[in-house]
Amino acid sequence: MTSANWPDDFEKAVRQHLPLLGEGAPLTAESSLPALGLDSLATVGLLVEVEEAFAVQFPDEDLHAETFATPAALWAVVGRLRDGAET
Amino acid sequence: MTGDRTPAPLTFGQLSVWRVMESYPLERWSETYLRECVPVPAGTTTDQAVRAVGTLCRRHESLRTLFVDSPAGPRQHVRPAPETVAVEVVEHDDATTVAARLAEERIARESEFGCRFAVVTRDGRPRTVVIVVDHIVSDGYGLIRLAAELSALLGSASPTGGRWLAETPPAPADLAAEQWSQARHLHRTTVLRHWQELLRTLPEKQFPVPRSDGDVPGRIEAVLYSAGARAALELLSARTGASPQSLLLSLSAVACAAVTCTRQPVLTLQSGNRSHPRWKSIVSSMNQYVPLPVDLGPPRAEYADLAARLQASALRAYRMGSYDFDAVTDLVRREREIDLGFDHFFNFMPTDIVARPAAELAGHPPPRIVQSRPSRQIGPRFDIKIRPGAEMPVVLRVDPELLPAPRLRALAGWFHEQLYRLADGTDTTVRQVADRCALALEG
């Protein structure tokens, strides 16, 4: 796990889609993903990648801008979906 | 990078191009070819320009691939890089004329590579390299890479081209192997389920359109050039929080609804399928068509809410944008007994337009609308494309049977006016926007 409380795989997936985030710059829970370069094209890529990496599928009701606003918001949805899949 | 490869299945994008063009008359295939004119810097010799083209072809497998049919389906056959590449050297004042001539004749995919090159000279000095590609070889994004790399190879200042030249380019055959792999089985199944749901829930009259609808030639075009409309879009995006793409998508949905007289049109998005970093800059045809059902919703609803709703819908559609065209076609044939077709296109290409709260509505030159008969006379009957640039060209290409030239011009003007009226707060509801569009079309 990273200091931000999510797995390295998640951090790696998110970072890949943030062209404005410097290599060594921290990605915090409340970092603004759109401000770091997550445009609509990159959002699709991030969505597909996170779904595959964590074996979840985002329901339609989670596909809105707030889900992709910050790493914390996105990780919260992934966490909820994983918990749901395990029960 | 330069060797022979065993014939491989097509990528999903290549397969889409293959199938979509199958029903076009052969003599019209060349209308779909892409063209690019790359300036040659002063001091470059013709030999150097020809050698640069050769290097480009060695680097990108797509430029030396034959596409052949077989009992197992169409195949791509990457050939070794040839010692010399056919490059026409021609003296001419206008490179675009040369490009048009190079694109005139159909490329026989099974026996010739899907690209043509010319070095255009003036007074014996090379001025431009012309590239023409079959759409199965590259889409518009791939062509941007080819032009940038060629520009750098010719010695022009092209940081992007230079950066790409430092990389080993991704290969379409590798992408095909990934797309057809067992590891991607779940994704392929998920997409088919998505199409089944579309077929179950959308009215037969609206989705999908029969393939033959786009096969009747005859198209006209109007292009709106407006720096003011671009500024209005940036300001509106900042004010509403909706992306520039979704705002223009919503306007296009309103326009489509007005033109086709329905409140629930089904648009077709062109999914670039370049979201994964590994394939982002591949030279190949990645675009695939994805349906986007639209419901304009209650007329009194806030317009910004419609844009936000469409932003989410588009995300859902784009995630299903990479798919096996044949599997979907088979499904549609079974369920609806028609061949799959698409219409009502929307394609937003600019990545340079962003939300900008400080954008100024005043002080721009007046908008221009240029009408023409496009070289491509076949395909979708209603097609909206937004191009990058300071004047944000809004390209409207339609079948004149659907929208005659005067009404097409009025529609182009409506995009400009409507963006201003939304940005300055004059119009705020879906009804106001829909009514204004209808009024413009009556006009």
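By convention in this document, chain letters (A, B, ...) are assigned in the order of the sequence lines, proteins followed by strands, and residues within each chain are numbered from 1.
- Against chain A, no residue from residues 281-298 of chain B qualifies, as none has a non-hydrogen atom under 4.5 angstrom away.
- Listed for the B:Asn273 side chain is a donor-acceptor partner under 3.5 Å among the backbone atoms of B:Gly321.
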Item checked: Step-by-step side chain to side chain contact (heavy atoms under 4.5 Å, CB included) determination, B:Thr11 to B:Leu15 -> CA-CA 6 Å; B:Thr11 67; B:Leu15 182 62; over 6 Å; no
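- Comment: A:Arg15 engages A:Glu11 in a salt bridge, judged by a side-chain N to carboxylate O separation of less than 4.0 angstrom.
- Residues B:Arg316 and B:Ser313 bring a donor and an acceptor atom of their side chains to less than 3.5 Å of each other.
- Between the side chain of A:Thr67 and the backbone N or O of A:Leu63 there is no donor-acceptor pair closer than 3.5 Å.
- Among B:Gly272, B:Ser271, B:Ser275, B:Gly241, the residue with the largest count of heavy-atom pairs under 4.5 Å with chain A is B:Ser275.
- B:Ser158 meets the side chain to side chain donor-acceptor pair (under 3.5 Å) test with no other residue; sequence neighbours excluded.
- Residue-level contacts of residues 176-192 of chain B with chain A, in order of numbering, are B:Arg184, B:Thr190; threshold 4.5 Å between heavy atoms.
- From B:Met392, atom CE reaches atom CG of B:Leu233 across 5.0 Å, with rounding to the nearest 0.5 Å.
- Under a 3.5 Å cut-off, the side chain of B:Gln311 and the backbone N or O of B:Ser243 do form a donor-acceptor pair.
- Residues passing the side-chain contact (heavy atoms from CB on, under 4.5 Å) test with A:Ala69: none are found, sequence neighbours excluded.
- Inspection of the A:Glu49 and A:Gln16 side chains reveals an N or O donor paired with an N or O acceptor under 3.5 Å.
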